[in-house]
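These figures come from a predicted structure and were not determined experimentally.
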Amino acid sequence: MNAAAVPSVATGTKAALRVEDLSLSYIVRGIPRPVLRGVTFEVKAGESYGLVGESGCGKSTTAYAAVRYLPRNGVITGGRILVDGDDITKMNDEQVRLFRMRHASMVYQDPGAALNPTTKVGPQVVEAFTILGQGKRQAEENALKALRRVQIADPERVAQRYPHQLSGGMQQRVVIAIALASDPKLLVLDEPTTGLDATVEASVLDLVRNLQAETNAAVLLIAHNLGVIRTLCDRVGVMYAGKIVEEGDAATVFENPQHPYTLGLLRSLPRRGIRKSQRPLSTIPGNLPQIGTPLPTCVYVDRCPLADELCRTVEPPVVEVGGGQWTRCHHRDRLGQLAEPPPVGGREATLGELNLTLSNVSKTFHQSGHDVPALVKVSLDLHDGETLGLVGESGSGKSTLAKTILGIESPDAGADIELDERALAAKAASRPTADKRSMQMVFQNPDSALNRGWTGRQILARSVHKLTGLRGRAVNERVDQLAADLRLTQRHLDLKPRQLSGGLKQRLAIARAFAGDPRIVVADEPTSALDVSVQAAILNLLSELQLRSKTSYLLISHDLGVVRYLADRIAVMYLGRIMEVGSSESVFNGPNHPYTEALLSAVPNVDAEDRHRILLSGEIPSPANPPTGCVFNTRCPRVIRGLCEVVEPPLVEVEPGHLMSCHIPVDELRRLQAKAEREDLVLTTPPESAAAAAAQGVDELA
C-alpha cells in the first residue's frame, strides 16, 4: 500500500512530522527481515499523536526511526521521514547530529537509565545548553529556568543531587527539562510514564500537555497504556506487525473502533468497573508473527476471528470511516459479530476461614545513623479464597509489607503475624517447610525471577521437589499438571526463559508459585510489564486458579483497573500506614479518604469517564522525617488547619467493613466528594503545604 492510499489528516498544512510509506528491516545473519511495512502518518505542530499496539509491533522502531536513531543492523528500505519539511533519510551523519541537537528530542521510558548516575543533575542540564553554543554562565541560568519550567519547586537544591537521590517522577521531570532545552519541533516520548505511580503519571502528563501548548511542539507518544494515549493524544494510530491498521481521532477510535485488532485491545482491558465475579476478560489468541515473517495480505489474519479466504488472498483496502478515521479491514461491517465472553454465575467471592492476621506490624530500617520507619502499626487480615489489593504510591511500604509477611524482612518487636492462628517466625529461614510452602510470591519481572540457564521443566521440578518432597515420576506428573493448569505446552517446558514471550514467562513464574499448593500467593505487580492482551489472559488465569483452589492473593499493583477487577477488598497505604480499607466497591464508589480520592482521580481512563481531579503537589515525604499529625496533611487538599497537622487520626470503621484514617466525618467526605464530582472540580494541594512536601521529596531515595 503506497502512501497516497492513506488519507491525510492535515491537508494543506506542512506537518511537523510526516512519515511516508516507511519500510524498515533488520539485517539478521545477512538476511533483511522486515519490521515496518509501509507506515504512513503525520503530526502537525502542537498536535499529539499516539502509537499503540502489542510489544514487537514496531512502535518503538517507528519512534526511533523518526529521529534516525537506529541500531547498526536497522536499514530504511523505502519511504521518507520529513521533519518540518526536511527529509532526514537523506541527511549525512553531521546533518543528523545537528538535526537531533536543534529540532528533535526524545524522552525515554526509564529516566534513571537516561541520566548519568555519576554526575549531579545540574551539570547534566547545563550540558544540554552548552552544546547549543551558550556560555557557562548563561547555560547555568537557563538550566535553573528549565528545571523551574518543569515545575521543580527547588531547582537549586535539585541541581546539587545525583539522579539516585531523586524519585522517579523527579527524574522524569529532569529528563523532560533536558529534552526541551532546544525548544524542539518534534518531541518523541517512548513509554514516558510506565514506571511511575498514577499520581506522578498524572502530573507528568499535565506537564507535557502544558509544555506542548507553550512550545507548539509536535508530540509522538508510544505507550502500552491506552488510558495515557486517550488522556494526552489528539489522534492515535493502531499498529500491528509493522503496519498501521487503524487511525483517527483518539476519542473516536476508542469509543468506536473499526478494526478487529483495536476492538481486541480495548476488550482486553478491565473497563467500566467489570469484576472477576461478573465475566472473564476478552483475550487475543495467539502471538505476534516473528520479525521478518512474510505477510503479503492482512497482517492480522492469523489471529483474527473474522478472517476468511478473502483476507488470506487479498490485501485489505484502506476504508475511510469519516471524521479522519480509517481502517484496513475487509469486514468492518461484521465487527458486531465479535461478542465478549458471556457473564458467569456463581463466582462471587465466598470467603473461607481467616488464614493470615497482621497486628501492629512495624518495620524500621537503619540508614546512616537514622531510623527510617517503612511500616507503622499495620493491621490487616486475609481469608481463604480472598484477594486483598494493596495500593499506594512508590515508597508507601507495599513491597516492604509483602517481604515482612514472607519472612524476607523481620518486623520490629511487638509485631504479630499469624497463619491459621499460629505465630509465624520473623524470618523465613526459621519457619518450618509447611509454612514456607503455604506462602509463595509472584514477582513483577519474571526475567529476574527465573533461572536463565534452566528449562521450564527443570525450574518447576526443583520447586515441586523442594516444596512437596515428591521424587521421580511423581515430580514429573505434578509438573505436567501445573503446565496444564497454566496452559503451558510440553514444548514450552523444554525451552529456557529467554526463549519464551513475556506472557509465557509470567505463566511459568505463576506455575512455580503454585508448585506446593500454597494457601497465600503474594503477587507484586504481576502484569505491569505485559501487553493488555497478555495481561487479560494472566488475570483470567489467576481468577480461575483462585476459584479452583481457594488460594488467597495479596495483590500489589499501581494499576487500579487491575486491582478493581481482581480484588475483593482494597487496602490503601501511605508512608507505611494504612489510610483506608474496604471492599472493592466501597473504595471505588466512595466516600474515600482524600488520598484514595487523589489516587482514583489520577488514573488515566480510556473511557474518559467524568471524574473530578485532585492534583497532588510535591513528592511523597521522606519516611525518615514524616509530617506531624496526619502524615498526608502536607499534600491533602481537604486539610483542616490546626487539627490535621497536630493530631494523627486513628483507623476507625466508618461504615460496615469500611475503615478510614481521617479527621473529616464520613458524611462530610461524601458531601464534599459528591459536590466535586457534580461540579467537575480540580483540587490542588495548598501552596504552603506543596512547598514543604516538595522540599521533603527531594531527599527521598528512589
- Task: Start with the C-alpha gap between Arg235 and Glu42, add the side-chain angles, then the distance that decides, and say whether salt bridge (Lys or Arg N to Asp or Glu O under 4.0 Å) holds.
- Result: CA-CA 10 Å; Arg235 291 188 302 119; Glu42 60 184 39; 5.8 Å; no
- Note on the structure: salt bridge (Lys or Arg N to Asp or Glu O under 4.0 Å) filter on Lys136, not counting sequence neighbours, yields none
- Can you check whether Glu156 reaches Arg148 side chain to side chain, under 4.5 Å on heavy atoms? yes
- Option from Val188, Ile81, Val83 for which side-chain contact (heavy atoms from CB on, under 4.5 Å) with Val67 holds: Val188
- Task: Would you check if there is a donor-acceptor pair between the side chains of Asp183 and Thr215 at a distance under 3.5 Å?
- Result: no
- Query: In Å and rounded to the nearest 0.5 Å, what is the CG to CD distance from Asp154 to Gln160?
  - Reply: 10.5 Å
- Message: Treating Lys398 as the side-chain partner and Glu393 as the backbone partner, does any N or O pair qualify as donor plus acceptor under 3.5 Å?
- Response: yes
- Query: So do the side chains of Lys59 and Thr62 get within less than 4.5 Å of each other, counting heavy atoms only?
  - Reply: no
- Okay, side chain of Arg80, backbone of Asp87: is any donor-acceptor separation there less than 3.5 Å? no
- For the side chain of Ser601 and the backbone of Ile614, is there at least one donor-acceptor N/O pair under 3.5 Å apart? yes
- Query: Any idea how His164 and Tyr162 line up, ring-wise: parallel (<30°), tilted (30 to 60°), or perpendicular (>60°)?
  - Reply: parallel
- Item | Polar contact flag, side-chain donor to acceptor under 3.5 angstrom, Trp326-Glu247 | yes
- Are any of the side-chain heavy atoms of Arg149 and Leu180 separated by less than 4.5 Å? yes
- If you look at every heavy atom in Gly46 and Asp234, which pair is closest and at what distance? O-OD2, 4.3 Å
- Pair Glu94 + Arg97: basic N to acidic O under 4.0 Å: yes
- Minimal heavy-atom distance between Val299 and Ala241, with the atoms involved, is CB-CB, 4.0 Å
- Message: Return the CG to CD1 distance between Leu221 and Ile229, rounded to the nearest 0.5 Å.
- Response: 4.0 Å
- Main-chain N/O of Asp21 paired with Thr40 side-chain donor or acceptor, under 3.5 Å: yes
- Query: Where do Gln212 and Leu187 land on the side-chain contact (heavy atoms from CB on, under 4.5 Å) test, with the steps shown first?
  - Reply: CA-CA 9 Å; Gln212 182 187 19; Leu187 180 62; over 6 Å; no
- Query: Can you tell me how far the CG atom of Leu132 sits from the CD atom of Gln138, to the nearest 0.5 Å?
  - Reply: 10.0 Å
- Query: Do the side chains of Leu51 and Ile244 get nearer than 4.5 Å, heavy atoms only?
  - Reply: yes
- Item | Beyond-backbone contact of Arg161 with Met170, side-chain heavy atoms, under 4.5 angstrom | no
- Message: Can you tell me how far apart CG (Leu211) and CG (Asp206) are? Round to the nearest 0.5 Å.
- Response: 10.5 Å
- Message: When you measure from the side chain of Gln673 to the backbone of Asn592, do you find a donor-acceptor pair of N or O atoms at a distance under 3.5 Å?
- Response: yes
- Message: Rounded at 0.5 Å granularity, tell me how far CD in Glu191 sits from CG in Asp110.
- Response: 12.0 Å
- Task: Could you tell me whether Asp93 atom CG has more than 12 heavy atoms of other residues or ligands within 6.0 Å of it?
- Result: no
- Answer yes or no: is there a donor N or O on one side and an acceptor on the other, between the side chain of Ser105 and the main chain of Ala179, under 3.5 Å? yes
- Item | Full working for side-chain contact (heavy atoms from CB on, under 4.5 Å) between Glu54 and Tyr261 | CA-CA 10 Å; Glu54 296 167 287; Tyr261 181 57; 3.0 Å; yes
- Message: For a quick check under 3.5 Å, do Gln258 and Gln325 share a side-chain donor-acceptor pair by atom type?
- Response: no
- Query: Tyr64 vs Tyr108 aromatic rings, parallel, tilted or perpendicular, using cut-offs 30° and 60°?
  - Reply: tilted
- Query: Do the side chain of Arg68 and the main chain of Ile88 share a donor and acceptor less than 3.5 angstrom apart?
  - Reply: yes
- Query: Between His224 and Leu530, is there a donor-acceptor pair closer than 3.5 Å when you use the side chain of the first and the backbone of the second?
  - Reply: no
- Query: Any side-chain donor paired with an acceptor under 3.5 Å for Thr231 and Arg209?
  - Reply: no
- Residue list, ring pair (Phe, Tyr, Trp, His ring centres under 6.0 Å) with Tyr574, at least two apart or on another chain: Tyr595, Phe632
- Leu70 versus Leu24, closest heavy-atom pair with distance: CD1-CD1, 3.5 Å
- Task: Any chance you could lay out the side-chain contact (heavy atoms from CB on, under 4.5 Å) test for Asp524 and Phe443, step after step, and finish with the verdict?
- Result: CA-CA 5 Å; Asp524 189 0; Phe443 297 91; 5.7 Å; no
- Query: Are Pro627 and Leu575 close enough that some pair of their side-chain heavy atoms sits under 4.5 Å apart?
  - Reply: yes
- Query: Between Gln124 (side chain) and Asn116 (backbone), is there a donor-acceptor pair under 3.5 Å?
  - Reply: yes
- Message: If I compare all heavy atoms of Ser25 with all of Pro34, which pair ends up nearest, and what's the gap?
- Response: OG-CA, 3.4 Å
- On a heavy-atom basis, the closest approach of Asn256 and Glu246 is O-OE2, 4.3 Å
- Atom CG of Leu166 and atom CG of Leu115: how far apart are they, to the nearest 0.5 Å? 8.5 Å
- Looking only at atom types and distance, does a side-chain atom of Asn633 sit under 3.5 Å from a main-chain N or O of Val639, one as donor and one as acceptor? no
- Closest non-hydrogen atom pair between Pro626 and Val631, with its separation: CB-CG1, 4.3 Å
- Task: Check step by step if side-chain contact (heavy atoms from CB on, under 4.5 Å) holds for Tyr69 and Arg100.
- Result: CA-CA 9 Å; Tyr69 188 53; Arg100 292 180 192 153; 4.0 Å; yes
- Message: Within a 6.0 Å radius of atom CD on Glu140, are there more than 12 heavy atoms belonging to other residues, nucleotides or ligands?
- Response: yes
